[in-house]
Number of protein chains: 2
Amino acid sequence: MQKGRPREFCKEQVLDKALHVFWERGYEGTSLSDLTEAMGINRPSLYAAFGNKEELFRQALDRYAEKGPGAVYREALAEPTAKAVVERLLKSSADCLTDPANPPGCLAVQGALSCGDAAESIKQELCQRRARVEQELRLRFERAKAEGDLGRKSEPESLARYVMTVMQGMSVQAAGGASRADLHAVADMALRGLAAAES
Amino acid sequence: MQKGRPREFCKEQVLDKALHVFWERGYEGTSLSDLTEAMGINRPSLYAAFGNKEELFRQALDRYAEKGPGAVYREALAEPTAKAVVERLLKSSADCLTDPANPPGCLAVQGALSCGDAAESIKQELCQRRARVEQELRLRFERAKAEGDLGRKSEPESLARYVMTVMQGMSVQAAGGASRADLHAVADMALRGLAAAES
DNA sequence: CTATATATGTACTGAACGGTACCGATATAG
DNA sequence: CTATATCGGTACCGTTCAGTACATATATAG
């Protein structure tokens, strides 16, 4: 057992609260007072448990990527065909981005799309995460091409970038108030276009 | 002639400087010190000429919409066919969003995608502007449908939302460092999909 | 000229920011 | 029990924020 006085809150639980605030207001738009209020702990406890605002954001982002929408995206990549991957990806995105339990949109997009100097490294981190997802998608399409699942003329890199672009656009739409049905219509249209272009 | 001491700077010129800063750092990420430094004027001059930070942003946004990328978008709407409109829109977006003379991305997207309470009304304003553009695009497609330029089964509303989604996604891509060629590839893929789905 | 009106520059305001020193409380280790 | 280590709460730190008071400078109106 650990020495000292035990912590009186559940770290994961308050981290989820912090995630929710960052998701809603972005990194710069979130103040420490917003965080402590939502998390139900006071400032020194936050610093003791999570380091500082930036480290807290990174931990919230990790949680977002592991337990949140990131998990859904990993499931999509496991679909057996490229077409199924894209369909699952776009459909799940439409659901995720408009899940009433969460703020609308995607943390990796709206967490710090543009910002002042203080948040620059957070912005970079989010860019890298988005780029990593795009690359994993590209690798998945390259595999599909090698397996004959995608045509010989297909371009995995462009395809991955295109799908990411649609998803990121959907995230902006969601942040702007688009409904779940709206986003599903967008996903359907993108899928129809891809299917038609492929044939 | 006007009484009093004349202003020593060109209002439009320093407004362009402010626009550039807001474009790069977003509304919340931009401080008054950033603004005065870039504009080359001091604080009271800024307040005398533009009101306050929020009004300055709105004036910069108006300028963005009139003289900047907004003008390009209006030209696109004037193309004779729906297909030409979309093509021009996506191609111009690819160019605009990566114009080396400007910060990458779109002010209406990254100006305040998510934010704290203080910037809430700015966020709303940007949402409305994006929605207005989408509606104008929808109206253009409805006209095209009425003219027989678009098929009877086409859905102007979904089409407009889809094109906006791709453009907004391209804006996120640009903010993340995508090159002009990258975005043109995205535009081409979207156009191919639309053409194929239409036929 | 004087009177008036507007612009500029310095230096400031109160509030909010992120972050911390410090002390009392509460656990384990021996 | 005492010693030690961590937690929680108050009250604070220096800095930066958006916004402004005020004195000075420079124009026009008469």
Side-chain angles (χ1 to χ4, degrees), chain A residues 1-15 17-18 21-22 24-61 111-112 114-123 125, chain B residues 1-15 17-18 21-22 24-61 111-112 114-123 125:
Chain A
M1 191 65 176
Q2 152 131 309
K3 253 190 183 178
R5 177 177 175 177
R7 175 176 294 128
E8 290 181 358
F9 55 89
C10 166
K11 211 173 160 182
E12 295 197 335
Q13 199 170 319
V14 302
L15 185 54
K17 296 290 188 181
V21 180
F22 280 129
E24 190 162 26
R25 310 170 90 95
Y27 180 73
E28 272 183 334
T30 301
S31 73
L32 279 184
S33 301
D34 294 333
L35 290 167
T36 52
E37 187 184 354
M39 298 164 89
I41 65 180
N42 47 35
R43 218 167 277 221
S45 298
L46 188 157
Y47 276 83
F50 301 102
N52 59 22
K53 186 187 175 184
E54 182 169 339
E55 290 180 35
L56 173 59
F57 181 87
R58 296 190 129 93
Q59 292 172 56
L61 184 58
S114 61
C115 59
D117 291 327
E120 189 64 28
S121 78
I122 293 291
K123 176 183 151 191
E125 166 84 26
Chain B
M1 192 63 176
Q2 154 129 308
K3 255 190 180 178
R5 178 176 175 177
R7 171 177 297 128
E8 290 182 357
F9 55 88
C10 166
K11 210 172 160 183
E12 295 196 334
Q13 199 170 319
V14 302
L15 185 55
K17 296 289 189 183
V21 180
F22 280 130
E24 190 162 27
R25 309 170 91 93
Y27 180 74
E28 272 184 334
T30 301
S31 73
L32 278 182
S33 300
D34 294 332
L35 289 167
T36 52
E37 187 184 355
M39 297 164 89
I41 64 180
N42 47 34
R43 219 166 278 223
S45 297
L46 187 157
Y47 276 82
F50 301 101
N52 58 22
K53 186 186 175 185
E54 182 170 339
E55 290 180 35
L56 173 59
F57 181 87
R58 295 192 130 93
Q59 291 173 56
L61 183 57
S114 61
C115 59
D117 291 328
E120 189 64 27
S121 78
I122 294 291
K123 175 182 151 192
E125 167 84 25

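The sequence lines fix the lettering, A, B, ..., with proteins before strands; numbering per chain opens at 1.
Closest-nucleotide positions on DNA chain C for A/Tyr27 and A/Lys3 were compared, and the one nearer the 5' end corresponds to A/Tyr27. Residue-to-nucleotide proximity on DNA chain D shows that, of B/Glu8 and A/Ile41, the 5′-proximal contact is made by A/Ile41. Along DNA chain C, the nucleotide nearest to A/Pro44 and the one nearest to B/Arg5 differ in position, and the one closer to the 5' end is contacted by B/Arg5.
Residues from residues 49-58 of chain A with heavy atoms under 4.0 angstrom of DNA chain D: there are none. Only A/Thr30, A/Ser31, A/Leu32, A/Ser33, listed by number, bring a heavy atom of residues 28-39 of chain A to less than 4.0 angstrom from any atom of DNA chain C.
A/Leu56 and A/Phe50 get closest at one heavy-atom pair: CD1-CG, 3.6 Å. Contact record, A/Ala112 with A/Ile122: CB-CG2, 4.0 Å, taken as the closest heavy-atom pair.
Separation of atoms NZ (B/Lys11) and CZ (B/Phe9) is listed at 8.0 Å; rounding is to 0.5 Å. In this structure, CD on A/Glu28 lies 10.0 Å from NZ on A/Lys123, to the nearest 0.5 angstrom.
Among residue pairs with one or both ends in residues 52-61 of chain A, those qualifying as salt bridge (charged side-chain N to carboxylate O under 4.0 Å, His left out) are A/Glu54-A/Arg58, A/Arg58-A/Glu125; sequence neighbours excluded.
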For residues 36-43 of chain B, dump all side-chain donor-acceptor pairs below 3.5 Å to protein atoms at least two apart in sequence or in another chain.
from: B/Thr36; atom 1: OG1; to: B/Leu32; atom 2: O; distance (Å): 3.1
from: B/Thr36; atom 1: OG1; to: B/Ser33; atom 2: O; distance (Å): 3.2
from: B/Asn42; atom 1: OD1; to: B/Ser45; atom 2: OG; distance (Å): 3.0
from: B/Arg43; atom 1: NH2; to: B/Ser33; atom 2: OG; distance (Å): 2.9

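Residues passing the side-chain contact (heavy atoms from CB on, under 4.5 Å) test with B/Ser114 are A/Gln110, sequence neighbours excluded. Residues forming a side-chain contact (heavy atoms from CB on, under 4.5 Å) with B/Glu12 (at least two apart in sequence, or on another chain): B/Cys10, B/Arg63. By the side chain to side chain donor-acceptor pair (under 3.5 Å) test, B/Glu8 pairs with B/Arg5, sequence neighbours left out.
By the 30° and 60° cut-offs, the orientation of the rings of B/Phe57 relative to B/Tyr27 is perpendicular.
Between chain A and DNA chain C, the heavy-atom contact criterion of under 4.0 Å yields a 5' to 3' nucleotide range of C/dC17 to C/dA29.
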